[in-house]
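In what follows, chains carry the letters A, B, and so on, assigned in the order in which the sequence lines appear, proteins first and then strands, with residues in each chain numbered from 1.
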Amino acid sequence: MNKMGPLQIKDILQTAPENQSVVVKGWVRTKRESKNAIFIALNDGSTINNIQAVAEPGQFSAELLLTVTTGSCLKVTGQLVASQGAGQTVEVKITDIEVYGTADPEQYPLQPKKHSLEFLREIAHLRPRTNTFSAILRIRHALAFAVHQYFNEKGFFYLHTPVITASDAEGAGEMFRVTTLDLNNLPRTEEGAINFKEDFFGREANLTVSGQLEGELGAMALSKIYTFGPTFRAENSNTTRHLAEFWMIEPEMAFFELEDNMDLAEDFVKKVITYALENCKDDLNFLQNRLAEEEKNKPQNERYLPLLEKLAFVVDNPFERLTYTQAIEILLKSKPQKEGKFQFPVTGWGIDLSSEHERYLVEKHFKKPVILTNYPREIKSFYMKLDEDGKTVRAMDVLFPGIGEIIGGSQREEDYEKLLGRVHEVGIDPENVWWYLETRKFGTAPHSGFGLGFERLVQFVTGMGNIRDVIPFPRYPKSAEF
RNA sequence: UCCCGAAUAGCUCAGCCGGUUAGAGCAUCUGACUGUUAAUCAGAGGGUCGCUGGUUCGAGCCCAGCUUCGGGAGCCA
């Protein structure tokens, strides 16, 4: 087999030292000079661990060594030897240094010290070079890989739903417009309205807010499909769990009823978390220690479980399943309700649960992930299958501690007349979704699906508090710099 | 979008009741020391106090507006 590029630090660190010659390419994390040795810690992002390269004083010119600073990029040639010092088993005895790129320490913002997450967000082009963000990005990759692996093994097909759509039928949120019209010289109809017939698609177009409707079309032919792609919401949301551009995973399954849907959602989440636990040990350990440092400053009662324990707990315990109606009963009898601690007191059946209510159920009452089902029809989307009582729909929300709703899904309404009725009820023009309605006209079938916010999953697994820190280049109101 | 808070050195922050020349830790640089582990010790450099306007003899500090950031809420994934 051909060697595909140079060895990576991850592999070199696991190689037995036999004075063999090695080439290491990476970015300098720190340099320490002492009387008998110069130590350079190199990292290439293949692992959170650095490799130590050692040179002798006088071996290289002062001019060269001055350019070896934190952030600079090097090619180091030498021998792989057993380390004489504690802290690492192998190290590289340097014979040659080539500086690929310098990084002026007076200007390079990432110096060997603690930086706040807020500051790193301002230098998103460089933050992948930090331990924290490289760990997050490796875990993010592992989770994405696990998603595809899981669905592939379960017989799902990856369906590529469009990024550009002409319908906002789901009403999932405000949309970003896609246009090639000259905004300074808009074509007008005789009535003075903007003439979208002259636009690229000959009609109004937007970025997708969900691949679900198209996903259902796929499930009505391939039985089990999933989508995994970017999703766009133009909401003016400024929270730690919303992005304007995020990645959503949406499986859609023919012949799945609500219970099958819940079983799949729970198994899926547990399996991908398990994959991360098994394949990202170093990174998770690093993030766990990092979080533990932060927790030190918090009062005892506000501290969470250590990250790895939290993840193991979620994997090992069944999610709590209950109906919306049962949840309301619990909330009505709850301590914060009786003591008037809720900002929005629970007034009774039919209210939309606010995040304080969800948090109470998940974090205080059950202390584990919760699946809430059978919500009132009035507070859920038009495509959800009506229950027999006609009051509730076969919806399910999976709620996680810390981040709230990680999954929203439902059994879909497969009855043409009932679906059409709901379309009219919520004020959607049936003409805009004729193709969606036709699936119910031609060979309709019971089916279900859900949407999982990928970044919320990454947030949960990494323990990061702000969703803007689990995507390489976050998009949110007033921010699209990088 | 709403509520609350913040903006002072490259970074993280302190700055009293409005009063002389605005401080600390880390980082950077210099020196010392050391098979070192984000080394350690000593010294040095580094500031339009977010922007605009106002009050005042005098504003980092008080007031107004704006901008950006953080936390919470709503919308949701």
Side-chain angles (χ1 to χ4, degrees), chain A residues 28-41 43 49-57 66 69-71 81-88 91 93 103-123 130-131 170-174 209-212 228 230-250 265 342-344 352-359 379-381 397-400 403-409 450-460 465-469 471 476-479 481:
Chain A
V28 175
R29 284 295 167 78
T30 59
K31 181 183 68 172
R32 292 178 292 274
E33 294 188 65
S34 72
K35 199 169 203 174
N36 301 314
I38 296 160
F39 302 97
I40 301 168
N43 187 285
N49 300 305
N50 301 330
I51 196 163
Q52 177 162 286
V54 189
E56 288 178 16
L66 271 175
T69 59
T70 298
V81 297
S83 179
Q84 296 172 40
Q88 61 280 316
E91 64 190 22
K93 198 177 162 201
D104 181 355
E106 295 288 350
Q107 291 180 53
Y108 185 61
L110 289 175
Q111 291 302 332
K113 72 176 292 283
K114 267 188 187 162
H115 293 293
S116 68
L117 295 171
E118 292 80 10
F119 172 64
L120 293 174
R121 235 169 266 154
E122 293 171 15
I123 50 166
T130 63
N131 287 330
E170 201 195 350
E174 293 297 309
V209 293
S210 164
Q212 182 198 319
F228 187 175
T231 309
F232 307 88
R233 305 264 168 101
E235 301 288 348
N236 194 2
S237 291
N238 292 286
T239 79
T240 52
R241 55 192 186 283
H242 288 89
L243 290 165
E245 177 184 287
F246 63 101
W247 288 67
M248 189 151 65
I249 296 151
E250 295 178 287
F342 282 138
Q343 194 190 341
F344 302 100
D352 210 346
L353 299 179
S354 66
S355 52
E356 60 177 341
H357 304 141
E358 294 178 348
R359 290 184 79 122
I379 60 174
K380 285 292 179 183
S381 303
D397 282 2
V398 181
L399 309 177
F400 263 38
I403 46 181
E405 187 180 343
I406 194 165
I407 287 176
F450 61 83
L452 177 141
F454 184 59
E455 282 74 18
R456 289 188 182 172
L457 176 68
V458 181
Q459 241 188 310
F460 184 74
N466 194 318
I467 201 166
R468 296 168 184 180
D469 296 331
I471 187 167
Y476 49 95
K478 301 281 180 290
S479 180
E481 178 79 11

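With the 3.5 Å cutoff on both pairing distances, Watson-Crick and G-U pairs in RNA chain B assemble into runs of at least 3 at B:1-7 with B:67-73, B:10-13 with B:23-26, B:28-32 with B:40-44, B:50-54 with B:62-66.
Listed nucleotides: B:U12, B:A77, B:C29. Nearest to the side chain of A:Leu243: B:A77. Picking from B:C29, B:A77, B:G10 the nucleotide with the shortest atom distance to the side chain of A:Arg456 gives B:A77. Taking only side-chain atoms of A:Lys113, from C-beta outward, the nucleotide of B:U36, B:C26, B:A77 with the closest atom is B:C26. Among the nucleotides B:U37, B:U12, B:G35, the one closest to the side chain of A:Phe119 is B:U12.
In this structure, the CD atom of A:Gln107 is 13 Å from the P atom of B:C29, given to the nearest Å. Between A:Leu66 atom CG and B:U28 atom P the separation is 13 Å, expressed in whole Å. Distance A:Asn131 CG to B:U37 C1': 13 Å, rounded to the nearest Å. Between the CD1 atom of A:Ile123 and the C1' atom of B:C11 there is a distance of 10 Å, given to the nearest Å. At whole-Å resolution of the value, NZ in A:Lys35 and P in B:G31 are 15 Å apart. The separation between A:Ile403 atom CD1 and B:C76 atom C1' is 13 Å, rounded to whole Å. Rounded to an integer number of Å, the gap from A:Asn50 CG to B:U37 C1' is 10 Å. When the P atom of B:A27 is taken as reference, atom OH of A:Tyr108 falls 16 Å away, rounded to whole Å.
Atom CG of A:Asp397 sits about 12.0 Å away from atom CD1 of A:Ile406, to the nearest 0.5 Å.
As judged by a 4.0 angstrom heavy-atom cut-off over every strand, A:Glu91 is placed among the base-contacting residues. Counting any heavy atom pair closer than 4.0 Å across all strands shown, A:Pro105 reaches sugar-phosphate atoms only and no base atom.
The side chain of A:Gln111 places an N or O atom within less than 4.0 Å of a non-bridging phosphate oxygen (OP1 or OP2) of B:U28. A sub-4.0 Å separation between OP1 or OP2 of B:U12 and a side-chain N or O of A:Lys114 is absent.
When all heavy atoms of A:Gly71 and A:Ala103 are compared, the closest pair comes out as C-CB, 3.6 Å. Considering all non-hydrogen atoms of both residues, A:Arg468 and A:Ser237 come closest at NH2-O, 4.4 Å. Contact detail for A:Phe232 and A:Glu245: the closest heavy-atom pair is CE2-OE1, 3.2 Å. A:Arg233 and A:Ser210 make their closest contact through NH2-CB, 4.5 Å (heavy atoms, listed as atom of the first residue, atom of the second, distance).
Not one N or O on the side chain of A:Arg121 forms a donor-acceptor pair closer than 3.5 Å with the backbone of A:Asp469. A donor-acceptor pair under 3.5 Å is formed between the side chain of A:His357 and the backbone N or O of A:Phe344. Looking at A:Glu250, its side chain does come within 3.5 Å of a backbone N or O of A:Gly211 through a donor-acceptor pair. With A:Arg241 contributing its side chain and A:Arg456 its backbone, the two residues share no donor-acceptor pair below 3.5 Å. Judged purely by atom type and a 3.5 angstrom limit, A:Gln459 uses its side chain to pair as donor or acceptor with the backbone of A:Gly465. A donor-acceptor distance shorter than 3.5 angstrom exists from the side chain of A:Thr70 to the backbone of A:Arg29, with no hydrogens or angles considered. Distance alone, capped at 3.5 Å, places no donor-acceptor pair between the A:Glu91 side chain and the A:Val54 backbone.
Along RNA chain B, the nucleotide nearest A:Thr69 and the nucleotide nearest A:Ser116 are compared for position; the residue whose nucleotide lies closer to the 5' end is A:Ser116. Both A:Gly408 and A:His115 lie close to RNA chain B; mapped to their nearest nucleotides by heavy-atom distance, the more 5′-ward contact belongs to A:His115.
Distance noted for atom P between B:U48 and B:U55: 26 Å (whole Å). Here the separation of B:G53 from B:U67, taken at their C1' atoms, is 15 Å to the nearest Å. Of the P atoms belonging to B:C11 and B:U56, the separation is 36 Å, rounded to the nearest Å. Using P as the reference atom, B:G43 and B:A6 are 35 Å apart when rounded to the nearest Å. Distance noted for atom P between B:G47 and B:A39: 27 Å (whole Å). To the nearest whole angstrom, the two C1' atoms, one in B:G45 and one in B:G31, are 15 Å apart. Distance check on atom P: B:G10 versus B:U68 gives 22 Å, rounded to whole Å. Comparing the C1' positions of B:G54 and B:G18 gives a spacing of 15 Å, expressed to the nearest Å.
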Might you work through the side-chain hydrogen bond (donor to acceptor under 3.5 Å, both in side chains) test for A:Thr30 and A:Arg32, ending with a clear yes or no?
CA-CA 7 Å; A:Thr30 59; A:Arg32 292 178 292 274; 3.1 Å; yes
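Remark: ring of A:Phe246 stacked against base of B:A77; centroid gap under 5.5 Å, plane tilt under 30°.
The environment of A:Lys93 atom NZ is sparse: at most 12 non-hydrogen atoms of other residues, nucleotides or ligands sit within 6.0 angstrom.
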What string of B, S and - do you get for nucleotides 67-74 of chain B, 5' to 3', if B is base contact, S is sugar-phosphate-only contact and - is no contact with any protein heavy atom under 4.0 Å?
-S-SSSBB
Which parts of nucleotides 39-47 of chain B does protein reach within less than 4.0 Å, heavy atoms only, written one letter per nucleotide 5' to 3' as B for base, S for sugar-phosphate only and - for none?
S--------
